[in-house]
Amino acid sequence: KAGVTQTPRYLIKTRGQQVTLSCSPISGHRSVSWYQQTPGQGLQFLFEYFSETQRNKGNFPGRFSGRQFSNSRSEMNVSTLELGDSALYLCASSSSWGNEQFFGPGTRLTVL
Amino acid sequence: AQSVTQLGSHVSVSEGALVLLRCNYSSSVPPYLFWYVQYPNQGLQLLLKYTSAATLVKGINGFEAEFKKSETSFHLTKPSAHMSDAAEYFCAVSRPDSGYSTLTFGKGTMLLVSP
C-alpha cells in the first residue's frame, strides 16, 4: 500500500498571502489529521476530519481551515500568512477511531 | 487537560549501550500512549503503542516501553543502541473523549549515538 502523500513538499510564500496544502491518505483510511511542527511549539494538533466532517479541532485561529473530500483526500488552507506560520505541516491518516496514525513526509512552509 | 513531558531534550549514548528515553503523562482518563521517531526531513514513524492491553509493549527495531499507571510513565528502552537509532523521538497521548483521534505530543528527545 502506498503511504500518506503530501503536496507540495516545500513552499515559500510572503506575508499576507494564502496557501493550500494537500494530503492523500492511505487507501481505505477515512480519518485525516493535520499537525503543525515548529522548533518553538513542537508538534501541535490542528484538526481532524472523518468522512468529510471535522470531528476534532485544535487551538488555532480561524485563518487555519481544512476540508475533506469524498475520496478522503484532505486540504488545509492558511489565509493571511504570518511569519510565525513557517513550519512543517504534517498530515496523518488512520483507518478508524483509536487506530494508529500514519504520517506523511510533511510540507515545509516558509513565510517571508 | 492532558500533557506529555519528555525528560531531556537530548540524550547521548554510545553504540551498544542501553537507550532509555523518559516520558510522563497526565490524563484524567485512561489514555492511549505512543512513541514515534522522526528522522531528518521526514515525517513521523510509529515505534509502538499502548492501548490498555499488555503493559509491556514491544515495537519495531528492538524498542519496547512499559506502561506504569502508578508512575504515569511510559519510558522507551532499547537494550543496545545502533548508529541508525540517532533521531528525534516523540511520546504522545490520545484520549477517549476525542475518539482517540488526536495526539498530544511531548517536546521530543533527540537521541545521539556515538561510535
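Numbers restart at 1 for each chain; the letters A, B, ... are given by sequence-line order, proteins then strands. In what follows, every heavy atom counts, from backbone to side chain, and hydrogens, waters and symmetry copies are set aside.
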* To do: Using side chain to side chain donor-acceptor pair (under 3.5 Å) as the criterion, point out the one residue from Ser22(A), Ser24(A), Ser93(A) that pairs with Arg73(A).
  => Ser22(A)

* Asked: If we ignore angles and hydrogens, is there a donor and acceptor under 3.5 Å between the side chains of Asn77(A) and Thr20(A)?
  -> yes

* Could you check Val32(A) against Val4(A) for side-chain contact (heavy atoms from CB on, under 4.5 Å), going step by step and ending with a plain yes or no? => CA-CA 10 Å; Val32(A) 174; Val4(A) 178; over 6 Å; no

* Asked: Where does Leu46(B) contact chain A at under 4.5 Å (heavy atoms): side chain, backbone, both or neither?
  -> side chain

* To do: Against chain B, label Phe102(A) side chain, backbone, both or neither, depending on which of its atoms sit under 4.5 Å from a heavy atom there.
  => neither

* **Toward chain B, the part of Leu43(A) with a non-hydrogen atom under 4.5 Å** => both

* Answer yes when Arg63(A) and Asp85(A) have at least one side-chain N-carboxylate O distance shorter than 4.0 Å, and no when they do not. => yes

* Checking Gln45(B) against chain A: side chain, backbone, both or neither under 4.5 Å from a heavy atom? -> neither

* Asked: Heavy-atom distance under 4.5 Å to chain B: side chain of Gln44(A), backbone, both or neither?
  -> neither

* **Thr51(B) side-chain N/O to Tyr32(B) backbone N/O, donor-acceptor pair under 3.5 Å** => no

